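The next block holds one structure in the form of structure tokens; read it before the comments.
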2 protein chains.
Amino acid sequence: MTNIKDLAQMAGVSVATVSRVINHHPYVSEEKRQAVLEAIESSNYQQNINAVHLSKGKTRLLGVVLPFSDHPYFALLLKGIANEALAHNYKLVLFQTSYMESREIEALQMLRQKQIDALIFCSRSCDWSTIEEYLSFGPIVFCENMTGKPVSSTYVNHYDVFFKALNLLYHQGHMQIGYCIGRRQGTNSRGRALAYTDFLNQYDLPYRLDYIIDECLYFEDGAKVVKQIKQMSSPPTALLVTSDQVAAGIMTCCQKEGIEIPDDLALIGFDNQPIAGMMDITTIEIPHLEIGKNLFLQALNGWEKAHQEVSATFIERSTTN
Amino acid sequence: MTNIKDLAQMAGVSVATVSRVINHHPYVSEEKRQAVLEAIESSNYQQNINAVHLSKGKTRLLGVVLPFSDHPYFALLLKGIANEALAHNYKLVLFQTSYMESREIEALQMLRQKQIDALIFCSRSCDWSTIEEYLSFGPIVFCENMTGKPVSSTYVNHYDVFFKALNLLYHQGHMQIGYCIGRRQGTNSRGRALAYTDFLNQYDLPYRLDYIIDECLYFEDGAKVVKQIKQMSSPPTALLVTSDQVAAGIMTCCQKEGIEIPDDLALIGFDNQPIAGMMDITTIEIPHLEIGKNLFLQALNGWEKAHQEVSATFIERSTTN
DNA sequence: TTGTAGGCGTTATCAG
DNA sequence: CTGATAACGCCTACAA
């Protein structure tokens, strides 16, 4: 492997000059520049990026923490981040955590050790106190409302969105509304849970534990939901489903089981994924790509803390009355 | 940021000794070890990983090239790789290419610049001649049959699998068989195309261009397929669909359109994804996780070239006769 | 415009 | 067992 020292010798200049032409610095005579360029060409020179990293203290590597990449929500977030990273010549290091705290800590460690310049948490399991220990090692940004904390965040106000959706169903005549969610933990899920209880209180509706169905992530989870509903003596007449995939699965199963949609069961999905369009599912669109883009930019400008709320759009289709 | 020089001073030893205890080398007196450990503790020392990389010439970073991560096939491959990477304390750098050659080349460049130790191509667009230029910079492994080339590969014999599936359909009485595929390019797709034409020739069946439907990747693409089929004067009676997601989409649309499955249209999916189980779709199981694991191991043991064929399993369910 | 030399933080070799 | 010291390859004052 030839290095800049070799190049310097070949071109009859100093290493500094070689470095200058490599990094497109001004103040290099055209003559020497050509000599260096020629040396690079003929020697098949390749910069050792690790040396650059060591010297500069930066890697142009950005960490992305997410539980799994095969769920459309995270896959789209990832795509949004990746697009912007590409534009800024950054690469992504992926941390698939399965919600395991230990893997999140691995990511934080890499930040601490300077192997990545910044870190994006698309979702997290660890406490804020854990995060706090690593704040000084580089920018850490979040896809959940972190207002008040000394970090940046881009998020959807899930409380609001949920509350509005519930109200909408209520005004369509539904008194028995349930919801399906991926997991109960997490800021976003808790925001939704709060909206749900607040909604129930507002209209003096009973809180029914079995109206909340969790671990709903994929299409096939729709089967589980329908099965559970069928066993209820007084099933919900409407369901808020936090993923269009699951909503589609529910719809498919309902057809088999003879449950009419929306008459027997109204459905509101989330994300406005293509599958929702195809199956004509009422849904709430979340601008994943935009969120991903913003997360990246916040990570890039780590010093200026900001909290950006993005809005969701209601898209009415045939699964609501 | 304190470094090992500082530690050495604090502990009253040399940097070499500090390095030894950090790297758990033998031959360090317990006394000095303790001194160093204390210094590390009190100084909140953190190793600068970039310096280690430069010194060792390795990064414990592995590149993974795939077109998109939101497709179950690639997401599962990725998961398999990630699992094994975790076990070996490697991290993954993701290259989402959208089949763009330029991004594949970025990945190859990172290998050349030693920012990653090895590279896995889950799918590729670039020519072998391009790959060839980078062979000397580190292990490159493929998820397609690369027998004869000086690299490692783990793959499914798609020709065989396709041929067998077609024969099965034929012996169930189907003479008009079509197939849906993600894209026409790529070794795997070409293997399937070849199996298809060989099959047709074997039974002297006509080659109908419109029986081959490409760009079928997601559930929602099923709508497109059904629409196309409905327009044909003589539609296929059976369809080989290279993704269960798409097969499920087709099935869903067929129900709407009153097309009976399997009587009007038999369906064989691919991958044995959960959705296939839920919808009782006949499918061909591919051991993605195992393939991912093997790809990782091949990348790790880059010097020994190997080509491993993994087998697929036929799972008969209700979408075939 | 150019070159020298020191620094980035570790690892590893080689004497002792 | 331990410590100098030379790599690793590049960047960048600083001096010329």
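Reminder, nothing fancy here: chain letters follow the sequence lines and each chain counts from 1. Here the structure is a predicted model, which is why all the values come from computation and not from measurement.
Between B/Tyr218 and B/Phe68, the ring planes are tilted. Angles from 30° to 60° get that label.
The main-chain N or O of A/Asn89 is found under 3.5 Å from a side-chain atom of A/Arg60 such that the two form a donor-acceptor pair.
A/His53 meets the ring pair (Phe, Tyr, Trp, His ring centres under 6.0 Å) test with no other residue; sequence neighbours excluded. In terms of the side chain to side chain donor-acceptor pair (under 3.5 Å) criterion, A/Asn188 has no residue partners (sequence neighbours excluded). Under the rule for a salt bridge (Lys or Arg N to Asp or Glu O under 4.0 Å), A/Glu104 has no partner lying at least two apart in sequence or in another chain. The ring pair (Phe, Tyr, Trp, His ring centres under 6.0 Å) check on B/His25 picks up nothing, with sequence neighbours excluded.
A/Val13 comes within 4.0 angstrom of sugar-phosphate atoms only, judged by non-hydrogen atoms across all strands, and of no base.
Computed from coordinates, the B/Gln34 CD to D/dC1 C1' distance equals 16 Å when rounded to whole Å. Taking atom CG of A/Asp6 as the reference point, atom C1' of D/dC8 lies 13 Å away to the nearest angstrom. Remark: C1' of D/dT2 and CZ of B/Arg33 are 13 Å apart, rounded to the nearest angstrom. Atom NE2 of B/His24 is separated from atom P of C/dT11 by 12 Å (rounded to the nearest Å). Between the NZ atom of B/Lys58 and the C1' atom of C/dA12 there is a distance of 16 Å, rounded to whole Å. To the nearest angstrom, P of D/dT2 lies 16 Å from CG of B/Leu7.
The pair A/Glu133-A/Arg112 does not count as a salt bridge, with every side-chain nitrogen at least 4.0 angstrom from each carboxylate oxygen.
The number of heavy atoms from other shown groups lying within 6.0 Å of CD (A/Glu132) is above 12.
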Shorter than 3.5 Å, N or O on both sides, protein versus nucleotides 9-13 of chain D: list them out with atom names.
{"unit_1": "D/dC10", "atom_1": "OP1", "unit_2": "A/Tyr45", "atom_2": "OH", "d": "2.3"}
{"unit_1": "D/dC10", "atom_1": "OP1", "unit_2": "A/Asn48", "atom_2": "N", "d": "3.2"}
{"unit_1": "D/dC10", "atom_1": "OP2", "unit_2": "A/Ile4", "atom_2": "N", "d": "2.7"}
{"unit_1": "D/dC11", "atom_1": "OP1", "unit_2": "A/Asn23", "atom_2": "OD1", "d": "3.3"}
{"unit_1": "D/dC11", "atom_1": "OP1", "unit_2": "A/Asn23", "atom_2": "ND2", "d": "3.3"}
{"unit_1": "D/dC11", "atom_1": "OP1", "unit_2": "A/Gln47", "atom_2": "NE2", "d": "3.4"}
{"unit_1": "D/dC11", "atom_1": "OP2", "unit_2": "A/Ser19", "atom_2": "OG", "d": "3.0"}
{"unit_1": "D/dC11", "atom_1": "OP2", "unit_2": "A/Asn23", "atom_2": "ND2", "d": "3.3"}
{"unit_1": "D/dC11", "atom_1": "O4'", "unit_2": "A/Ser55", "atom_2": "OG", "d": "2.8"}

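End-to-end axis angle of the helix from C/dT1-D/dA16 to C/dG16-D/dC1, from C1' rotation axes over five pairs per end: 40° (rounded to 10 degrees).
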